[in-house]
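The model shown is predicted, which means the values in this text are computed figures rather than measured ones.
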Amino acid sequence: MLAAVLTVGVVLPAVPVRAAVQAVVCNRYCDGRDAGSAAGDRIAVTSALYGRTFRLHVNDTDAMAWATVDGGQAGDQVWLDRSFDGGRTWAGDSRLGVTTVPAGSTGWRTGQYNVDDWNTTGVGALRACGKAGDRPEISCTSWARSNWNAWDRRTAAATALMMRFDRGTGLFDGDGWWTGANALTAVIDNIRRSGMHSYQYAIASTYDKNVNARQGQFRNEYLDDTGWWGLAWVAAYDVTGDSRYLSTARADADHMYSYWDATCGGGVWWKTDRKNKNAIENSLYIQLNAMLSQRISGDVTYRGRAQQAWAWFQGTGMINGSSLVNDGVNLSTCKNNGDVTWSYNQGVLINALVQLNKLTGDANALSVARRIGDAMTGSTYLSPGGILREPNEPDACSGDGASFKGAAIRGLGVLNTAAGGAYNTYLTRNADSAYSRDRDSLDMYGSHWAGPFAGTNHSCQHSALDLLNAAP
């Protein structure tokens, strides 16, 4: 939700008027309702062209919007565009409610149109567009939406993430796999944190459309991928109580266990080709087994696996002398390979150790988690200026690394709860910075929480949602 009007627009070249046929949407009211009956009027965004001002007015009460033009003349046009993917694939020719300024007037307005389509779980956005009657160029505002399902930072970020949910594939941005598991986990955590269940449908949709993909039950050749999905289904089970999700999480943990062997004394392989043993899949393995054991009455199997894995992890020295976790094990020495201390290697192990402490009461596990948490938040490498930044963080939200900070901050948030708010200041500082410096008019977030905003995808968006979920 925007705190102030954004004056951001784009001038487009002249295009033929090819009004795309869009089905009429009916929620509380149907498209085309008179703007004079709106229960509220918030000007979200504006643009200007040749002295004309185009505004997007939002009726937050009814989740509808309309467009106006002022400072014009007879023959000027104004209309709305509506997108259900945040405008990413916009063709630019819908012209909802297109209307022309009549003789004797300098301004006009469209009817109201629905932002979302509740009947098809379409999460939408609108923009106001228009043109001078005697000139071909078109001006459009940036995209915006109502505060329906977006009444605070967390719910607004969750709604923006759901704009990237592909209802056809049941994944985010069409085909995000392990990053999709993280995005779904962030949505589920938001349900628990905010109490907003509007997007709970994504759980069953993702499961039903993908349970038979890859090797089935969300297993594939990458053991860390399997671990991410296993944790997502534990979270889904907690929210829904549906036992099929817990069964799939067990299948995922068992699949990971089948790639535990005696090479270097233990540990899960990163991939089924058995060429690398890294921190990430083993941290996920500890966390998943510990969380399963907490939910299975009388369990000793998953408890034992979690404890065994933690004992092995400590022996590898992957936690370095600065209390940060390096990337993996050197198979020649069976010790720390000294590789990059990616942010998610800190946060996932932190989460795993908090879960192990909950399960067994192991005070050392929680103590080590605190040391890693302190090192991550105090590191000038990972937290320059007190804001979490991924090593070699790019401007573009691309590649695996765009999801890393989400997992890192999720783990720190779990530790913060266990530690009585010890990281409140750090989490609040990061959330405030991202909100003020790394956000667009649709509450989409980019890669740099210290700013500036430079584009987004579901990985950057779920990472920001993880941050806002974790912040006090």
Side-chain angles (χ1 to χ4, degrees), residues 88 153 157 160-161 164 172-173 176-183 185-186 224-225 228 278-280 283-284 318 320 322-328 337-351 372-413 415 423 425-440 442-471:
R88 296 193 309 279
R153 296 181 184 186
L161 178 57
R164 308 193 76 93
F172 290 83
D173 284 339
W177 188 244
W178 76 268
T179 55
N182 276 274
T185 300
D224 55 339
D225 289 13
W228 294 118
N278 294 330
I280 189 59
S283 296
L284 290 164
M318 282 190 285
N320 65 32
S322 299
S323 295
L324 291 174
V325 183
N326 291 101
D327 192 52
N337 65 11
D339 209 338
V340 181
T341 54
W342 304 110
S343 68
Y344 76 160
N345 281 329
Q346 323 312 312
V348 177
L349 185 59
I350 286 170
N351 209 333
I372 298 170
D374 291 348
M376 182 177 81
T377 57
S379 167
T380 56
Y381 179 61
L382 289 175
S383 298
I387 304 298
L388 187 62
R389 182 180 177 89
E390 193 61 38
N392 306 314
E393 184 173 274
D395 289 339
C397 289
S398 60
D400 287 347
S403 279
F404 288 4
K405 288 195 301 187
I409 212 74
R410 191 187 312 145
L412 188 69
L415 177 59
Y423 302 97
T425 299
Y426 179 87
L427 291 168
T428 299
R429 181 192 310 121
N430 276 262
D432 287 348
S433 178
Y435 185 78
S436 63
R437 301 172 183 170
D438 187 33
R439 180 179 61 100
D440 72 3
L442 283 175
D443 286 281
M444 299 282 189
Y445 290 78
S447 60
H448 304 312
W449 293 350
F453 177 80
T456 190
N457 72 354
H458 72 280
S459 297
C460 281
Q461 187 65 22
H462 88 66
S463 292
L465 179 56
D466 283 315
L467 169 62
L468 297 171
N469 287 338

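Between D466 atom CG and I409 atom CD1 the span is 9.0 Å, to the nearest 0.5 Å. From M444, atom CE reaches atom CG of L161 across 8.0 Å, with rounding to the nearest 0.5 Å. Going from atom OG1 of T179 over to atom CG of N457 covers 7.5 Å, rounded to the nearest 0.5 Å. Separating the CD1 atom in I372 from the CG atom in N351 is a distance of 11.5 Å, to the nearest 0.5 Å. Put simply, CG on L324 and OG1 on T341 are 5.0 Å apart, with the number rounded to the nearest 0.5 Å. With rounding to the nearest 0.5 Å, the separation of CD1 in I387 from CG in N430 is 4.0 Å.
With a 4.5 Å cut-off on side-chain heavy atoms, W342 and I280 do not count as touching. Taking the side chain as every heavy atom from C-beta outward, R439 and T456 never approach each other to under 4.5 Å. Side-chain contact between R410 and H462 is present, with at least one heavy-atom pair separated by less than 4.5 Å.
Below 30°, between 30° and 60°, or above 60°: for H458 and F172 the angle between ring planes is below 30°, a parallel geometry. Between W228 and W178, the ring-plane angle classifies as parallel under the 30° and 60° cut-offs.
Between A402 and S463, the closest heavy-atom pair is O-OG, 3.0 Å. In this structure, N345 and A279 approach most closely via the heavy-atom pair OD1-CB, 3.8 Å. Of all the heavy atoms in P391 and S343, the pair that sits closest is CD-N, 4.4 Å. The nearest pair of heavy atoms linking A408 to L388 is CB-CD2, 4.2 Å. Here the closest heavy-atom approach between residue I350 and residue G411 is recorded as CG2-O, 3.4 Å. In plain terms, the two heavy atoms of V348 and S283 that are nearest each other are CG1-CB, 3.6 Å.
No donor-acceptor pair closer than 3.5 Å links the side chain of D339 to the backbone N or O of N326. Without hydrogens or angle criteria, N182 side chain to T185 main chain gives no donor-acceptor distance under 3.5 Å. A donor-acceptor pair is defined here as one N or O able to donate and one able to accept, closer than 3.5 Å; such a pair exists between the side chain of Q346 and the backbone of V325. Without hydrogens or angle criteria, S383 side chain to M376 main chain gives a donor-acceptor distance under 3.5 Å. For the pair D443 (side chain) and A160 (backbone), a donor-acceptor distance under 3.5 Å is absent. Side-chain atoms of S447 never come within 3.5 Å of backbone atoms of C460 as a donor-acceptor pair (strictly under, hydrogens ignored). At least one donor-acceptor pair closer than 3.5 Å links the side chain of Q461 to the backbone N or O of A157. Judged by distance alone, with hydrogens and angles left aside, the side-chain atoms of N337 form no donor-acceptor pair with the main-chain N or O of M318 at under 3.5 Å.
Test R389, K405, E393 against W449 for side chain to side chain contact (heavy atoms under 4.5 Å, CB included) and you get one pass: K405.
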- Query: Passes side chain to side chain contact (heavy atoms under 4.5 Å, CB included), Y344 versus L284? Steps please.
  - Reply: CA-CA 10 Å; Y344 76 160; L284 290 164; over 6 Å; no
- Message: Let's go through L468 and Y445 carefully: what are the C-alpha distance in whole Å and the side-chain angles of both, what is the deciding distance for side chain to side chain contact (heavy atoms under 4.5 Å, CB included) to 0.1 Å, and is it a yes or a no?
- Response: CA-CA 11 Å; L468 297 171; Y445 290 78; 3.7 Å; yes
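Between the side chains of Y423 and D374, at least one donor-acceptor pair of N or O atoms lies under 3.5 Å.
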